[in-house]
Amino acid sequence: MSEAISPPLPDHAETVSAPPHPVDPWLWCLIIPAIFAALASIRLTTPTTPFFDEVHYLPAARELLAMWELGTGEYLNREHPLLGKELIALGIAMFGDNPLGWRIMSLIAGTVAVGAAMRALWHTSYDRFAVIAFGVLLATGFHLFIHARIAMLDIFMTAFLALAAWQFAAAIREPERGRWRLALTGIAIGCALAAKWNAVPLAMAFGLTFFAARLAAGRRRLLLSVRGAPVPGISLVEAALWLGLVPLAVYALTFAPGYWLGTPLNPSPLSEKGLIGLHSEILELQQSVLAPHAYQSTWPQWMLNSRGIWYLYDFVDEAQRGVLLIGNPLTMLLGLPALVWCLAMGLYRGDWAKIAVVVGYGVSLGLWLIAPKPVQFYYHYLMPSVFLLAALALALSDVRRAGYQYWAYGTVAASAGFFALFFKILTAAPLDGPMSFADWAWLAGWR
């Protein structure tokens with residue numbers, strides 16, 4: 001039996017190749033958050049007493065537990081929604097009213113935030129290097145790390161916004177799974193709003209993005225058409241359900257325990273005023289004029305990383321210890337020209353990943369340009385810093401592709417180096433003495 005003779009290949013066959021398919025860095029999206037969690041766990045229970053704004057949120061969480069266990073509890077910290085305090089209460093219920101119980105849910109939320117933010121950038125950009133670099137930059141950027149180690153509300157808001165961004169970007173990239181991805185987006189948006197109202201501008205951005213994309217698609221039946229970007233198969237009306245009504249419903253449900261909070265002398269504002277009435281009180285409290293504070297700052301200072309906050313600086317647990325909230329001295333400044341680069345290249349190339357991080361930065365920072373809160377603090381820069389570092393990762397990927405690999409990898413490594421240098425005052429390690437703060441207070445605004 002003679003061998004079969006294959007037909008001759010066309011002349012150009014040797015030059016034809018399949019288009020490059022990016023390799024999903026899903027394993028790195030597990031490894032980097034795991035390393036982050038391990039590092040953030042170091043001295044998680046130090047100090048053993050509440051510090052900084054824990055003094056506001058821990059009593060509120062304890063009252064929630066008292067309500068569940070004893071049937072009575074005061075409605076404290078009325079100026080913020082309940083979900084963040086409910087999660088802190090959950091940690092206390094699982095691990096006890098001790099430093100581990102106070103902070104464990106923040107650690108989990110911070111770890112989720114790193115992984116979810118990396119997945120969001122992957123589905124937005126399909127840029128493997130940028131995603132891995134972003135994970136390292138975010139984990140070593142100081143902001144997220146510090147807030148993953150303290151019982152405050154900001155880390156929960158950030159984690160849920162990162163989850164929402166992941167699911168929304170995945171819905172656009174994989175429209176065959178778009179419906180349930182958008183449903184998860186809506187749930188995460190509702191939870192972010194229920195953690196802290198600072199999420200409002202970014203929460204609105206998802207629905208507005210869907211509307212703008214569908215409007216640009218030029219569909220004649222704008223509200224009911226299921227064709228066109230951003231998620232084929234989903235009409236604008238259905239998108240309004242997932243990205244509008246579902247978040248509001250989830251947000252409202254998180255207030256349910258508040259109806260049972262209250263004592264005869266201090267009744268629950270929810271049972272007295274209802275959900276809408278309570279929100280009038282929250283808005284009034286949010287806009288109330290606070291007395292000037294030694295650590296207050298302005299948004300230009302946030303951008304320049306020139307005004308920090310000592311969350312802790314005291315002799316506690318048998319040693320002088322400190323926790324300083326600043327941004328990574330390298331990446332907070334390099335991120336600013338990276339934003340300009342992403343804006344320019346995003347518009348020039350039609351690169352929606354670059355445009356998205358610039359818009360996210362502008363929206364999250366823009367809130368504080370118009371917010372009626374005369375006293376603001378550097379921790380309000382947490383969400384803008386996430387987008388800033390995403391822009392830096394995308395810019396470094398362009399640097400790498402341009403042939404300057406050492407600069408790209410070197411910047412990521414240097415970020416980790418600064419993180420190691422400041423690690424003692426990110427984790428409340430024992431210091432040499434009362435003047436040790438000067439070793440890290442390089443600027444007057446960091447003192």
Side-chain angles (χ1 to χ4, degrees), residues 36 40 44 50-58 60-61 77 79-91 102-117 138-139 141-165 188-203 251 254 282 285-286 290 293 295-297 299 302 305 307-312 323-328 332 360-361 363-368 371 373 375-390 426:
F36 173 88
L44 179 66
F51 72 111
F52 198 59
D53 278 359
E54 286 184 337
V55 298
H56 302 301
Y57 304 125
L58 290 177
N77 192 239
E79 62 266 34
H80 293 296
L82 281 178
L83 181 58
K85 290 163 283 188
E86 290 167 346
L87 290 172
I88 295 171
L90 177 61
W102 304 340
R103 299 166 192 151
I104 187 64
M105 297 306 293
S106 295
L107 176 65
I108 293 171
T111 305
V112 168
V114 174
L138 191 57
F142 294 16
H143 280 273
L144 203 66
F145 187 83
I146 288 174
H147 286 100
R149 297 170 41 80
I150 186 171
M152 290 174 61
L153 308 181
D154 303 75
I155 193 65
F156 302 117
M157 175 195 71
T158 302
F160 285 120
L161 284 175
L163 287 168
I189 292 171
C191 291
L193 290 169
K196 202 168 186 181
W197 274 12
N198 297 6
V200 168
L202 289 171
Y251 174 78
T254 63
I282 293 176
L285 290 170
Q286 289 280 345
L290 300 177
H293 194 283
Y295 281 131
Q296 71 183 66
S297 53
W299 64 267
W302 306 345
N305 198 22
R307 187 74 180 106
I309 303 176
W310 284 96
Y311 278 11
L312 172 72
V323 175
L324 173 61
L325 176 67
I326 54 171
N328 187 301
M332 287 298 106
Y361 180 84
V363 169
S364 54
L365 180 62
L367 165 69
W368 300 106
K373 294 188 71 170
V375 178
Q376 300 175 4
F377 300 95
Y378 188 48
Y379 54 75
H380 294 144
Y381 198 58
L382 173 57
M383 275 311 304
S385 75
V386 173
F387 290 104
L388 180 90
L389 295 175
L426 300 178

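Residue numbers start at 1 and run along the sequence shown. Just so you know, these numbers come straight off a predicted model, no measurement behind them.
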Exercise. Stepwise, does the side chain to side chain contact (heavy atoms under 4.5 Å, CB included) test hold for V112 with L163?
Worked result: CA-CA 8 Å; V112 168; L163 287 168; 4.0 Å; yes
Which atoms form the tightest heavy-atom contact between [X] and [Y], and what is the distance?
X    : Y    : answer
A199 : L161 : CB-CD1, 4.0 Å
L144 : G110 : CD2-O, 4.0 Å
K85  : H80  : NZ-O, 3.0 Å
I146 : I150 : O-CG2, 3.5 Å
A113 : T158 : CB-CG2, 4.4 Å
F156 : S106 : CZ-OG, 3.8 Å

For this session: Check step by step if side chain to side chain contact (heavy atoms under 4.5 Å, CB included) holds for I309 and F52.
Result: CA-CA 10 Å; I309 303 176; F52 198 59; 3.8 Å; yes
Gap separating the [atom1] atom of [X] from the [atom2] atom of [Y], nearest 0.5 angstrom:
X    : Y    : atom1 : atom2 : result
I155 : F160 : CD1   : CZ    : 11.0 Å
L44  : I104 : CG    : CD1   : 6.0 Å
M383 : M157 : CE    : CE    : 6.0 Å
L388 : L138 : CG    : CG    : 11.0 Å
L324 : L426 : CG    : CG    : 7.5 Å
I88  : M152 : CD1   : CE    : 9.5 Å

Using side-chain heavy atoms (C-beta onward) and a distance below 4.5 Å, is [X] in contact with [Y]?
X    : Y    : result
N77  : E79  : yes
L325 : Y295 : no
H143 : I326 : no
L365 : W302 : yes
L83  : C191 : yes

Exercise. With a 3.5 Å cut-off and no angle check, do the side chains of Y311 and D53 form a donor-acceptor pair?
Worked result: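 Result is no, nothing qualifies.
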Problem set entry | Geometric class of the H380/W368 ring pair [parallel <30°, tilted 30-60°, perpendicular >60°] |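 Parallel.
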